[in-house]
Amino acid sequence: MRIGYPCINRTIDCTANNTFRLKSYSEIRLIDSLNKNLECLRKILQFNVENGLLFFRISSDLVPFASHPRNSFNWQKRFQEEFKGIGEHIIKNRIRISMHPDQFTLINSLTEEIFQRSKNELEYHAEILDLMNLDTTAKIQIHVGGVYGDKEKSIERFIERFNKLDKFVTRRLVIENDDRLYNVNDCLKINSETHIPILFDAFHHKLNNSTTQTTQEYFKLATRTWNEKNDGAPMVDYSSQKPDGPPRQHAETIDLADFGFFLRQTEPFDYDVMLEIKDKEKSALKALDFAMGDLRVKNFNKLASIKLF
DNA sequence: GCGAGTCAAGGTAGG
DNA sequence: CCTACCTTGACTCGC
């Protein structure tokens, strides 16, 4: 098991998602942001390795306006050495990497234009991971998309569109159950047609499940869609409800009692867990401490003390 | 230097 | 058909 957190580190004084407004777009701004973002990504990964956090989600904002028509700059070529260097450190330290395009990426959209934009956005994500020379265990996670008044048809459309994507994207693509529309059962239907792995989101599952099957059973159904050799250990998203917050809001900091309960529920399995919690690496470190002290967590990937960079 | 308003992209619910 | 809301951080502008 590896433990990780998404995109932002609040301890380090920099972020890997510097951006700007479209109105102020220029090649200079783009290069400047990308320089800062790659430099900061290095620092974050360095911090993570030093602290035993070996799972990380790279921000979709790493390259501002990457798939926007306004941007015709060949950033792939300009920064290929930098990407390659970061990739080498990721591989050397056996860091697990994921990416998560945001809500506007909808491959099952009713309109061809939105599908095309989504396809471009997915290709951008795959390019980043390719430029780093990461194998297919580095994943891109998306939700199934909209329902558009007819879930059956929308699932069919997802499958048709999935089959239109290039191999360099689909080999990295996984789907995640969401909190309102598509639950694990829906994802399983898509998996039976496409063999796309299902990323189990524990919090979303709590908020959106239609049967009496337990978390354990669904966890098992979802995680066994991952092919160990090509996909690596299953990725899992974990978070909990913010106490006294509006429903669905993610907690400010980790609830170790709840996390411990989740670990026990999923005990026999090896997987990598992403903690979607507001205070980011702070909670991830608490969880790491907790898990290392918990003898029941098997296959625990202890800190590799190799120095980065 | 600060706070408020706004930001590429879509969808759903409620009216 | 139209509007509010989802959800988050950070850019940008006006003071």
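A note on names: the letters A, B, ... follow the listed sequences, proteins ahead of strands, and every chain is numbered from 1.
In this structure, A:Lys36 places its NZ atom 13 Å from P of C:dA10, rounding to the nearest Å. Distance A:Glu113 CD to B:dG11 P: 12 Å, rounded to the nearest Å. Atom P of nucleotide B:dT12 and atom NZ of A:Lys151 are separated by 11 Å, given to the nearest angstrom. Atoms CZ (A:Phe65) and P (C:dC11) sit 11 Å apart, rounded to a whole Å. One atom, CD of A:Glu112, and another, P of B:dA9, lie 20 Å apart when rounded to the nearest Å. Here the P atom of nucleotide B:dA9 and the CZ atom of A:Arg70 are 14 Å apart, to the nearest Å. One can place CG of A:Leu106 at 5 Å from P of B:dG11, the figure rounded to the nearest angstrom. Residue A:His143 contributes atom NE2, which lies 17 Å from atom P of B:dG10 at whole-angstrom precision.
For A:Phe200 and A:Tyr271, the gap between ring centers reaches or exceeds 6.0 Å.
In terms of modelled atom types and a separation under 3.5 Å, the side chain of A:Gln76 and the main chain of A:Leu131 share no donor-acceptor contact.
Heavy atoms of A:Ser118 sit nowhere under 4.0 angstrom from any nucleic acid atom. Base contact: A:Asp102 has a heavy atom under 4.0 Å from a base atom. Counting non-hydrogen atoms under 4.0 angstrom, A:Tyr148 reaches the backbone sugars and phosphates but no base. Contacts of A:Arg117 with the nucleic acid, taken as non-hydrogen atoms under 4.0 Å apart, involve only primed sugar atoms and P, OP1 or OP2. Nucleic acid contact for A:Ser24: sugar-phosphate only, since backbone atoms but no base atoms lie under 4.0 Å from a heavy atom of the residue.
Taking the six-membered ring for Trp and thresholds of 30 and 60 degrees, A:His250 and A:Phe203 have ring planes more than 60 degrees apart, a perpendicular arrangement. Ring geometry for A:Trp75 versus A:Tyr124: interplanar angle over 60°, hence perpendicular rather than tilted (30 to 60°). Taking the six-membered ring where the residue is Trp, A:Phe158 and A:Phe162 present parallel rings, their angle staying beneath 30° rather than reaching 60°.
Remark: C:dC15 base-pairs with B:dG1; criterion is Watson-Crick or G-U wobble with both hydrogen-bond distances under 3.5 Å. Across all strands shown, B:dG14 pairs with C:dC2; the Watson-Crick or G-U wobble distances both stay below 3.5 Å.
Side-chain contact, A:Asn183 with A:Tyr218: no donor N or O sits under 3.5 Å from an acceptor N or O. A donor-acceptor contact closer than 3.5 angstrom links the side chains of A:Thr253 and A:Lys286.
For A:Asn17, the side-chain atoms get nearest to C:dA10 when compared with the rest of B:dA8, C:dC11, C:dA10. Closest contact between the side chain of A:Ile8 and the listed nucleotides B:dT12, C:dG9, B:dG10 involves C:dG9. Considering only the side chain of A:His68, B:dA8 comes nearest among B:dG11, C:dC11, B:dA8. Of the listed nucleotides (B:dG11, B:dA8, B:dT12), B:dA8 has the atom at the smallest distance from the side chain of A:Ser67. Ranking B:dT12, C:dC11, C:dT12 by closeness to the A:Arg29 side chain, first place goes to C:dT12.
Checked options A:Arg94, A:Met235, A:Met274; the residue passing with A:Arg2 is A:Arg94 (criterion: side chain to side chain contact (heavy atoms under 4.5 Å, CB included)).
The gap from the P atom of C:dT7 to that of B:dG14 amounts to 14 Å, rounded to the nearest Å. Atom name P, nucleotides B:dG5 and C:dC5: the rounded distance is 15 Å, in whole Å. Across C:dG9 and B:dG11, the matching P atoms stand 24 Å from one another, rounded to whole Å. Comparing the P positions of C:dG14 and B:dA8 gives a spacing of 16 Å, expressed to the nearest Å.
Taking for each of A:Thr15 and A:Lys23 the nucleotide of DNA chain C with the nearest heavy atom, the 5'-most of the two is the partner of A:Thr15.
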Report summary line: Given protein heavy atoms under 4.0 Å, the one-letter contact record of nucleotides 3-8 of chain C, with B base, S sugar-phosphate only and - none, is simply ----SS

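Ring stacking holds between A:Phe104 and B:dA9, with the centres under 5.5 Å apart and the planes within 30 degrees of each other.
OP1 or OP2 of B:dG11 sits under 4.0 Å from a side-chain N or O of A:Ser109.
A cation-pi arrangement, defined by a distance under 6.0 Å to the six-membered ring centre and an angle within 45 degrees of its axis, is present between A:Lys151 and A:Tyr182.
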